[in-house]
Amino acid sequence: MKIFVINGPNLDMLGKREPHIYGSDTLESINAELAEYCKTVGAEPEFYQSNSEGTLIDIIHSARDNADGIVINAGAYTHYSIAIRDAIASTDLPCVEVHLSNVHKREDFRHVSMISAVCTGVICGFGKKVYRLAIEALLQ
Ligand code: DQA
């Protein structure tokens, strides 16, 4: 199963960015660990990160013909990007929305997700483990 693992804005700053909320691992090390996990379960991940909404939309579009599923942490775009929501809906692929932090325990504006309704499921609050749980969910 080919899976696009897509990270949105500011997730390239993991490790430096508010480590008390997001942990001290870099995105590079999270992806490397996830790639190792994927080998053990027969998943084939492809990793993407962008700070730009348009680029994220292009990546999501390309998943349609190049992937069997999507794991996405859309960062702050989660809370207001109807364009990213529409892009996910256009793929017709299973998609898992993930967040490192428990967004429901945080500011009110993080309680709203534009994308949950077009995703297969949502996993949040378990730190870097959310990516592995999402892959596991897609494989099932
Ligand atoms: C996040 C939560 C979002 O609210 C925030 O804007 C992020 C990261 C998370 O992984 O916990 O950038 O998606």
Side-chain angles (χ1 to χ4, degrees):
M1 186 178 197
K2 182 108 167 253
I3 299 169
F4 275 22
V5 179
I6 304 171
N7 281 283
N10 299 307
L11 291 158
D12 55 333
M13 296 299 286
L14 287 178
K16 296 181 196 140
R17 174 193 184 200
E18 301 177 276
H20 56 290
I21 298 175
Y22 299 116
S24 53
D25 293 283
T26 62
L27 183 59
E28 210 175 39
S29 75
I30 291 173
N31 286 347
E33 235 179 78
L34 193 63
E36 283 308 306
Y37 169 73
C38 285
K39 277 187 205 157
T40 68
V41 292
E44 231 186 290
E46 242 176 62
F47 297 100
Y48 298 93
Q49 190 277 329
S50 176
N51 292 321
S52 131
E53 189 177 26
T55 305
L56 289 167
I57 290 167
D58 290 340
I59 294 164
I60 295 164
H61 287 170
S62 84
R64 193 185 160 90
D65 294 325
N66 297 295
D68 305 302
I70 298 172
V71 174
I72 187 164
N73 184 347
Y77 284 138
T78 304
H79 311 301
Y80 66 92
S81 177
I82 295 169
I84 288 182
R85 174 202 179 106
D86 287 349
I88 294 170
S90 81
T91 65
D92 271 336
L93 291 171
C95 179
V96 182
E97 172 187 349
V98 299
H99 302 283
L100 294 145
S101 64
N102 180 352
V103 284
H104 302 290
K105 244 167 76 171
R106 300 181 62 196
E107 302 95 326
D108 286 355
F109 66 85
R110 295 186 206 275
H111 300 177
V112 175
S113 169
M114 288 296 142
I115 70 171
S116 297
V118 294
C119 288
T120 317
V122 183
I123 302 171
C124 74
F126 298 102
K128 65 181 177 181
K129 241 187 261 164
V130 296
Y131 294 98
R132 180 187 289 225
L133 293 169
I135 301 272
E136 207 181 309
L138 282 176
L139 290 172
Q140 284 165 16

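When a residue number appears, it is its place in the shown sequence, counting from 1.
Between the side chain of Asp68 and the main chain of Lys2, a donor-acceptor pair closer than 3.5 Å is present. In this structure, Asn51 contributes its side chain and Asn10 its backbone to a donor-acceptor pair below 3.5 Å. Looking at Glu46, its side chain never comes within 3.5 Å of a backbone N or O of Val5 through a donor-acceptor pair.
Hydrophobic clustering keeps Val98 apart from Val103 (ILVMFWY residues linked when any side-chain heavy atoms are closer than 4.5 Å, directly or through intermediates). Residue Met13 is not grouped with residue Ile6 when hydrophobic side chains (ILVMFWY) are merged at heavy-atom distances under 4.5 angstrom, including chains of intermediate members. Cluster annotation: Val118 and Leu56 are assigned to the same hydrophobic cluster (Ile/Leu/Val/Met/Phe/Trp/Tyr, side-chain heavy-atom contacts under 4.5 Å, transitive). A continuous path of hydrophobic side-chain contacts links Leu34 to Leu138 [ILVMFWY only; heavy atoms under 4.5 Å]. The cluster map of Ile, Leu, Val, Met, Phe, Trp and Tyr, joined by side-chain heavy atoms under 4.5 Å apart, puts Leu100 and Tyr37 in the same cluster.
No more than 12 heavy atoms of other residues, nucleotides or ligands shown are found within 6.0 angstrom of CD on Glu28. Within 6.0 Å of atom CZ in Phe126, 12 or fewer heavy atoms from other residues, nucleotides or ligands are found, so the atom counts as exposed in its surroundings.
The nearest pair of heavy atoms linking Val122 to Ser116 is CG2-OG, 3.7 Å. Nearest heavy atom pair, residue Glu53 against residue Ala83, reads OE2-CB, 3.9 Å. Of all heavy-atom pairs between Arg17 and Pro9, the closest is NH1-O, 4.3 Å. Listed here is the closest heavy atom pair of Ile72 and Cys95: CG2-SG, 3.7 Å. When all heavy atoms are compared, the tightest approach of Gly8 to Gln49 is O-NE2, 3.0 Å. Across all non-hydrogen atoms, the minimal contact from Leu27 to Leu11 is CB-O, 3.6 Å.
Side-chain atoms of Ile57 and Ile84, non-hydrogen and from C-beta on, do get closer than 4.5 Å to each other. When side chains are defined from C-beta on, Pro45 does not count as touching Asn31, because their heavy atoms never get closer than 4.5 Å. Between Phe4 and Leu93 there is no side-chain heavy-atom pair separated by less than 4.5 Å. Looking at Leu139 and Met1, their side chains come closer than 4.5 Å, going by heavy atoms from C-beta outward.
Each side-chain hydrogen bond (donor to acceptor under 3.5 Å, both in side chains) pair with one or both residues in residues 85-94, not counting sequence neighbours, would appear here, but there are none. Evaluation of the salt bridge (Lys or Arg N to Asp or Glu O under 4.0 Å) test over residues 128-140, restricted to residues two or more places apart or in two chains, returns Asp25-Lys128, Glu33-Lys128.
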Give the C-alpha distance, both sets of side-chain angles, the deciding distance and a yes or no for side chain to side chain donor-acceptor pair (under 3.5 Å) between Tyr131 and Asn7.
CA-CA 10 Å; Tyr131 294 98; Asn7 281 283; 2.6 Å; yes
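Here the CD1 atom belonging to Ile135 is positioned 10.0 Å from the CG atom belonging to Leu133, to the nearest 0.5 angstrom. The distance from the CG atom of Asn102 to the CD1 atom of Ile21 is 11.5 Å, given to the nearest 0.5 Å. Asn73 contributes atom CG, which lies 8.5 Å from atom OH of Tyr22 (distance to the nearest 0.5 angstrom). Rounded to the nearest 0.5 angstrom, Ile3 CD1 and Cys38 SG are separated by 6.0 Å. Distance NE2/His99 to OG/Ser113: 5.5 Å, rounded to 0.5 Å. Between Tyr48 atom OH and Ile70 atom CD1 the span is 10.5 Å, to the nearest 0.5 Å.
Between the side chains of Thr78 and Glu97, no donor-acceptor pair of N or O atoms lies under 3.5 Å.
Ring geometry for Phe109 against His79 counts as perpendicular: the plane angle is over 60°, on a 0 to 90° scale with 30° as the lower cut.
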